[in-house]
Structure formats: C-alpha cells, structure tokens
Amino acid sequence: MSGDGSPPPPRYVSESDAPAPPLRGRAEVRRRLQSTRGGGRKLRRLGPLLRPYRGRVIAMFAALVAATLAALAPGPLVKHAIDDGIQQGDARVLTIIVGLFIVSALLVWAGTALQTYLVSWVGQRVLQDLRIQIFAHLQRLPVSFYERKRTGVLISRLTNDVQALDTLVSDAVVTLFQAGLTLIGASAILFFYDAQLALLAFAVLPVVVIGSVLFRIAAADAYKRTRETIGALSAELQETLSGVRVVRAFGREDRHLERFAELNEENRAANMFTVHLNAAYFPAVEFASAVATLLVLSVGGVQVIQGETTIGVLVLFMATLGSFFDPIQQLSQLYTTYQSGLAALDKIFELLDEPVDLTDAKDAIDLPHVEGRLSLDGVSFRYSPQTPWALRDVSVNVEAGQTLALVGATGAGKSTLAKLLARFYDPTEGTVRIDGHDLRDVHQQSLRRQLGIVPQEPFLFSGTIADNLRFGRPDATDEELMAALSAIGAAEFVSALEDGLDAEIGERGVQLSGGQRQLLAFARMLLADPRLLILDEATAAVDPRSERLIEQALHTLMAGRTVVVIAHRLSTIRGADQIAVLEGGAVTEVGTHASLVAAGGRYADLDASWRSQGVAGAAGVGAGTGATKDPAS
Ligand SMILES: Nc1ncnc2c1ncn2[C@@H]1O[C@H](COP(=O)(O)OP(=O)(O)O)[C@@H](O)[C@H]1O
Ligand SMILES: [Mg+2]
C-alpha cells in the first residue's frame with residue numbers, strides 16, 4: 001500500500017516458476033538438453049501411485065503394443081498383395097492377405113479402444129489418489145508452513161499441477177511409447193525391404209533432427225513463459241479480489257487494471273511466440289516428409305522401370321514414410337507436455353516432502369484433564385536462525401482459572417507467545433508447561449483438545465450456523481446450541497433469522513457483521529469448553545455498536561478458564577489478574593493494573609495516554625488495527 005505509484009514487481013506463483021535465464025551460448029544449450037535427464041528418476045516416484053493398478057497398466061501397454069504394431073502392418077501387406085498376389089495372378093495369396101488385413105484392422109480397433117479406456121481409468125484413479133494424498137498431507141503440515149506459503153499456490157498444486165501430471169501420465173507416456181515404437185518399427189520395415197531406398201528417404205533426417213532439437217529448446221522456454229505469465233495473472237487476480245476493499249478504499253482501481261492489462265499483454269505475447277514457433281516448425285516437417293517422398297518416388301520409380309525393385313516395395317515406401325515422419329512431430333510436440341508434467345511432478349513432490357507437524361516425542365503422553373496452570377520458563381524464540389529474536393527470556397506463571405493480559409506495541413511478540421502456548425512452534429530456548437507438563441512431552445491432539453484460540457477475525461465455514469457451532473462439539477443438541485448462544489448473547493439475532501440455527505452463512509446465505517461473526521465464534525468456543533483459552537485481539541474487529549454485548553460475552557466465555565488475552569480493550573486489561581508488558585520480545589513489567597500504575601513505569605504511561613485520549617472502550621494498544629483505514633473492520 002505504499003503510495004509511490006510504482007508498479008509492483010511481477011509476482012510468480014512460486015520460486016520454481018521464476019523465469020528461466022535467457023539462453024547464453026552452447027554450454028547453456030547443453031545444460032537445457034541435459035535438464036531432462038533427471039526425468040527418469042523423477043518419474044520413478046510415480047511408481048508407488050501406479051502400483052495398486054499394476055494389472056491394468058500392464059494390460060494397457062499390451063494393448064498399446066498390439067495396436068501400434070498392427071497399425072504398421074498395412075505397408076508390408078500391400079507390398080505382398082501386389083508382388084506375390086496381383087503380379088503373380090495368384091488369387092489365393094491375395095485372399096490370405098486380405099484376411100490378414102482385416103485381422104490387423106480389428107487389432108488396431110480393439111487395441112486402441114482398450115488402451116484409451118484403460119489409460120483414462122488408471123489416470124483418473126491416480127489423480128484421485130494423489131489429490132487425497134496431498135490434501136491429507138496439507139492437513140498435517142505445521143501452522144508455520146501456512147505462514148510461509150500463499151493459499152493460491154497450494155490450491156494450484158491440487159488443481160493445475162495435478163492436472164498437468166495427469167496429462168503427463170495419460171497422454172505423454174502413451175504418445176512417447178507409441179511414437180517411439182512406430183518410429184523404430186517403420187524404420188525397421190523400410191530397411192528390411194530396401195535398405196538403399198530407406199537411406200535415400202533418411203537423407204532429409206539430419207535437417208529434421210536439428211530442426212526438431214532447436215524447436216524443442218525454443219518451445220520449452222516459450223511454453224514455460226506462457227505458464228509463468230498465466231500464473232502471474234491469476235496471482236494478481238487473486239490478490240486484487242481478496243484485497244478488493246483496500247483497493248476501493250484507496251481508489252486504486254485504475255492502477256490494478258493497468259497492472260492486470262500489462263500481465264495480460266505479457267501472456268498474449270508469450271502465447272503468440274509459441275504460435276510463431278509452431279507455424280515455423282510443423283509445416284517444415286511436413287515439407288521434409290514431402291521431399292523424402294519425392295526422392296523415393298523418383299529414384300524408386302526409375303529402379304522399378306529398370307527392374308531393380310518391385311512396385312510393391314515402392315507402394316510400401318509410400319504407405320510407410322508417413323508413419324515415419326508423424327512420430328517425429330509428435331515427439332517434439334510432446335516435449336513441452338513432458339516438461340510441464342515434470343515441473344508439476346517436482347512441485348507436487350516438493351510439497352509432499354515438506355516435513356509434517358512438529359512430531360510428537362516417541363514417549364509422548366496424553367495430556368490428562370488439566371487444571372490449567374501455565375508457566376513459561378526462560379522462553380526465547382526466533383522464527384529462523386536468520387531473524388532476530390521474537391521473544392527473549394520470557395518467564396511468567398498463570399494460576400489455573402486466572403487471566404493474563406499481554407500488552408505491547410505491534411511486533412512486540414504477543415501473537416508469537418500465543419503460538420508457543422498452542423505449540424504451533426516449539427521455543428528455541430526454555431520451556432512452556434501446562435500443569436507442569438512440558439508441551440514437547442505430550443501428544444498434540446491431547447493438548448489442542450483442551451486449548452481454544454480465538455483470533456482477531458474468526459473463520460466461519462460455509463454451511464449453516466448450527467454446522468459452525470457444532471465444529472466445537474459435534475454431538476451437541478439444538479438445545480445446547482441455543483443455550484450457548486444465549487449465554488453469549490447471540491440467541492436474539494440468530495432467532496431473528498428466517499431459518500434460525502439452520503440459516504446458511506456466506507455467499508448464498510445471510511451476511512453477518514464482524515460483531516455477529518465474533519459472537520458465533522465465542523459460542524463455538526463455549527461449546528468446545530477448553531480449559532485454556534487464548535484470545536488474540538479477539539475484539540479488535542468488532543464494530544462499536546456491539547461493544548457492550550461483546551464485553552459481556554467475553555466475560556461469560558472467560559469464566560472458570562485459564563485465559564491469556566492479547567487485549568485490545570481497556571476493560572479486559574484492567575480486569576486481568578496479571579498484566580505483562582512486552583517490549584521487543586521481552587517482558588518488562590508484570591503485575592496487576594493497580595500495582596503497575598503505582599509503579600509508574602511503561603504501563604502507567606500507556607494507561608495515562610489512553611485516559612487522556614478519553615478512550616473508554618477500545619485501547620489502541622495493538623496500534624495496527626484501530627488506526628488503519630480499512631472498511632473491513
Ligand atoms: N511467521 C513469522 N515468521 C517470521 N517472523 C515473524 C513471523 N510472525 C511474526 N514474526 C516477527 O516476530 C515479531 C513478533 O511478532 P508478533 O508476535 O506477531 O507481534 P505482535 O502480535 O505483538 O504484534 C515481529 O518482529 C514479527 O515481524
Ligand atoms: Mg499480533
């Protein structure tokens with residue numbers, strides 16, 4: 001949101017999508033050519049995915065081989081029909097060959113049908129399995145992972161990349177196999193029947209091969225560029241849409257339109273470049289094929305006249321040369337599919353290789369039902385060895401059922417402390433204990449069951465209000481849901497809705513205000529009934545009208561629990577049993593409201609400034625939220 005007006009640098013969907021450096025010299029060409037060498041090793045990771053469908057994969061390849069070989073049969077068959085049947089006036093031979101012709105046609109038909117069916121069958125299953133596998137993995141990844149990766153990128157792993165992989169498996173592998181086999185089979189047939197003519201036909205090959213290799217290199221870059229530009233386009237789209245309120249509020253629509261138009265233009269240019277390449281390459285291969293046919297026809301024709309070869313052989317060459325040049329085209333076209341498939345494979349496995357959540361210790365125990373005593377002992381933490389300490393030597397104790405309020409400027413480390421309590425991260429130094437149990441020694445599930453976190457902007461899932469409330473306790477009855485709602489003070493507005501508890505939330509249902517969403521989140525938490533509660537500026541996104549309601553709701557929710565509250569509201573801070581002031585990751589003052597005011601330190605200053613501003617309810621402690629021009633809150 002900087003106001004300098006300069007366009008942001010292009011965003012690429014992920015690091016590996018960043019643009020390839022331009023080609024520089026022969027070494028670079030060699031490197032590019034070799035970059036596919038690892039393909040085999042990468043493809044091998046697909047093995048376990050295919051294993052359950054082994055039988056079908058084998059049947060598919062058998063059908064593919066049968067159909068491909070049978071498709072090569074017409075050339076030789078016609079040759080023998082002409083030379084041994086027609087020329088010799090032998091009707092019996094002709095009949096046999098016609099019979100064989102029918103057999104080969106049937107084989108092509110049945111083989112192709114079977115292979116088409118099987119490859120899709122297996123492809124769809126693998127696709128399905130892989131999506132489930134990725135999804136399951138995503139659910140086990142630590143919260144820290146989601147702080148690093150953007151949702152859009154992850155969604156694209158499950159959609160675009162899985163799709164690209166499907167194309168690789170079902171399309172590219174089949175084409176590779178089929179084209180390769182056809183190429184080998186066709187050359188073998190040509191050489192077998194007339195090596196001299198075959199060499200003549202292959203005279204154009206060096207040109208075609210060099211052309212194909214050049215095309216392959218250029219096309220790989222060009223198609224990569226199209227993928228990058230479309231990725232940048234959708235990233236821009238996603239960001240503009242999610243930030244639409246900010247865009248509106250600052251009147252930046254024009255800038256975003258401009259940026260979108262730029263990216264759109266880049267995408268068009270990238271696509272047009274591939275069109276130029278295709279227009280140059282494919283017709284050229286056609287032409288080379290025509291030249292080869294021409295050579296064979298003229299030289300072979302003279303040979304037939306001179307009786308050096310037969311008409312049958314000439315016809316065979318005419319029939320088979322096509323089968324020789326088509327695969328070359330297919331293979332060079334395939335290269336781009338293969339490349340993007342491998343890139344997708346890389347990205348998917350990189351995601352699957354991401355280490356899962358902080359694993360439980362081998363001798364971890366189930367946390368018993370806790371009273372809720374919390375203690376931090378010499379806790380220091382940093383997000384990575386390169387970043388500064390986010391917490392420094394923090395030691396605090398909270399007795400069961402008591403409330404600790406954390407106060408401090410934005411970036412002081414309040415949220416970080418909350419994340420450590422929930423064991424989203426382990427402390428770099430020191431220990432966090434609940435009822436004397438080091439969090440590293442207990443099963444995470446057993447910890448999280450007894451711990452609730454209410455963030456600043458609660459997340460409600462699509463579905464009904466009841467569905468969302470039951471998230472906290474799946475077996476709750478409607479009466480229990482209503483009881484929780486009335487305890488929180490939300491029964492009134494829910495009852496006023498046409499469908500009550502069954503009202504749909506979100507896009508096609510009721511739209512809720514920030515305060516109403518927060519009340520529902522409180523009710524959900526009340527139903528879950530955790531022993532320990534963490535409130536991270538849970539009242540910051542609430543409109544002033546609901547203030548009193550929220551205040552009472554909070555009071556109800558906090559009763560009888562151990563609470564760590566990152567407070568935004570003065571009344572919550574004052575009522576806390578203990579207040580800790582965080583500055584630059586260190587706790588500088590601890591005490592009650594009265595004792596801290598009396599001590600005349602940092603907290604006393606803060607309190608005085610809140611007072612002088614006449615802020616009765618919301619204190620601008622977290623400086624970020626209250627002051628930002630953001631119509632969302
Ligand atoms: N996921 C993260 N990775 C790296 N640094 C982070 C991350 N989250 C927060 N920080 C840094 O840790 C410090 C404390 O942040 P935080 O706990 O969010 O502060 P507060 O909640 O008090 O505003 C800040 O310097 C912030 O930049
Ligand atoms: Mg925070």
Side-chain angles (χ1 to χ4, degrees), residues 1-2 15 138 141-154 354-358 374 376 379-396 398 403-430 432 439 451-459 514 518 521 533-542 554 563-570 572-573 576 578-590 602-603 605-606 610 618-628 630 632-633:
M1 285 195 317
S2 62
E15 309 73 54
L138 282 175
L141 285 176
V143 174
S144 58
F145 172 81
Y146 292 95
E147 291 185 347
R148 280 187 284 123
K149 297 277 177 180
R150 285 188 297 150
T151 318
V153 174
L154 299 176
E354 224 16 272
V356 294
D357 219 335
L358 310 170
L374 261 181
L376 278 86
V379 169
S380 294
F381 176 77
R382 53 174 157 196
Y383 283 90
S384 73
Q386 291 82 39
T387 55
W389 293 96
L391 290 177
R392 297 163 208 263
D393 196 21
V394 173
S395 298
V396 270
V398 190
T403 299
L404 167 71
L406 296 175
V407 179
T410 301
K414 306 181 297 293
S415 298
T416 305
L417 189 63
K419 287 186 242 179
L420 257 56
L421 290 175
R423 208 188 164 208
F424 287 158
Y425 295 91
D426 278 333
T428 317
E429 283 163 24
V432 181
L439 291 192
L451 178 115
I453 305 168
V454 185
Q456 185 174 335
E457 298 214 11
F459 189 86
Q518 196 56 281
L533 189 63
I534 297 169
L535 300 161
D536 192 347
E537 310 207 1
T539 55
V542 166
L554 208 53
V563 185
V564 174
V565 55
I566 297 172
H568 185 73
R569 305 171 52 74
L570 223 44
T572 329
I573 303 171
Q578 243 188 129
I579 299 165
V581 181
L582 273 171
E583 285 177 76
V587 174
T588 49
E589 291 172 36
V590 189
R602 170 106 175 106
Y603 181 81
D605 291 348
L606 280 171
W610 296 330
V621 180
T625 38
T628 325
D630 185 356
S633 53

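Order of appearance sets the numbers: ligands from 1, and atoms from 1 within every ligand.
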**Student:** Counting only nitrogen or oxygen atoms and a 3.5 angstrom limit, does E147 reach ligand 1?
**Tutor:**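 Yes, at least one N or O pair falls under 3.5 Å.
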**Student:** Tell me which one of T416, V407, T410 gets a heavy atom nearest to atom 16 (P) of ligand 1.
**Tutor:**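 Comparing heavy atoms across T416, V407, T410, the nearest one to atom 16 (P) of ligand 1 lies in T416.
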**Student:** Using heavy-atom distances, let me know which of Y425, Y383, F381, W389 sits nearest atom 4 (C) of ligand 1.
**Tutor:** Y383
**Student:** Salt bridge check, E147 against K419: does any charged N sit closer than 4.0 Å to a carboxylate O?
**Tutor:** yes
**Student:** Consider only side-chain N and O atoms of D393 and S380, and report whether a donor and an acceptor are under 3.5 Å apart.
**Tutor:**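 There is no such pair between these side chains.
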**Student:** Any side-chain heavy atom of L138 sitting closer than 4.5 Å to one from F145?
**Tutor:**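 Heavy-atom side-chain distance check passes, below 4.5 Å.
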**Student:** Can you tell if the side chain of S415 reaches within under 4.5 Å of the side chain of D536, non-hydrogen atoms only?
**Tutor:**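 S415 vs D536: side chains touch.
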**Student:** In the protein, which heavy atom is nearest to atom 20 (P) of ligand 1, and how far is it?
**Tutor:**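 Going by distance alone, atom 20 (P) of ligand 1 is nearest to G411 N, 3.5 Å.
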**Student:** How about T410: does one of its N, O or S atoms come closer than 2.8 Å to the Mg ion (ligand 2)?
**Tutor:** no
**Student:** Which ligand 1 atoms does A409 reach within 4.0 Å, using its non-hydrogen atoms?
**Tutor:**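 By the 4.0 Å cutoff, the relevant atoms are 22 (O).
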**Student:** Salt bridge between E354 and R148, side-chain N to carboxylate O under 4.0 Å?
**Tutor:** yes
**Student:** Any protein heavy-atom neighbour for atom 6 (C) of ligand 1 (distance below 4.0 angstrom)?
**Tutor:**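 Protein heavy atoms within 4.0 Å of atom 6 (C) of ligand 1 - there is at least one.
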**Student:** When you measure from the heavy atoms of K419 to every atom of ligand 1, does any distance fall below 4.0 Å?
**Tutor:**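 Yes; K419 lies near enough to ligand 1 that a heavy-atom distance drops under 4.0 Å.
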**Student:** What are the atoms of ligand 1, with element, lying closer than 4.0 Å to any heavy atom of A412?
**Tutor:** 19 (O), 22 (O)
**Student:** If I apply the N/O under 3.5 Å rule, does K414 come out as touching ligand 1?
**Tutor:**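 Yes - when backbone and side-chain N and O of K414 are compared with those of ligand 1, one distance drops under 3.5 Å.
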**Student:** Take every heavy atom of P388, measure it against each atom of ligand 1, and state whether any distance is under 4.0 Å.
**Tutor:** no
**Student:** Does the side chain of L417 reach to within under 4.5 Å of the side chain of L376, using non-hydrogen atoms?
**Tutor:**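 SC-SC contact between L417 and L376 confirmed.
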**Student:** Minimum heavy-atom separation for G585 to V394, with atom names?
**Tutor:** O-CG2, 3.5 Å
**Student:** Of all the atoms in ligand 1, which lie at a distance below 4.0 Å from a heavy atom belonging to S415?
**Tutor:**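 So the answer, numbered in order with elements, is 17 (O), 18 (O), 20 (P), 21 (O).
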**Student:** For G408, is the nearest heavy atom under 4.0 Å from an atom of ligand 1?
**Tutor:** no
**Student:** With a 3.5 Å cut-off and no angle check, do the side chains of T588 and Y603 form a donor-acceptor pair?
**Tutor:**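 No - no donor-acceptor pair under 3.5 Å links their side chains.
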**Student:** Tell me whether E589 contacts the main-chain N or O of A580 through its side chain, where contact means a donor paired with an acceptor under 3.5 Å.
**Tutor:**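 It does not hold such a pair.
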**Student:** For atom 10 (N) of ligand 1, decide whether some protein heavy-atom distance is shorter than 4.0 Å.
**Tutor:** yes
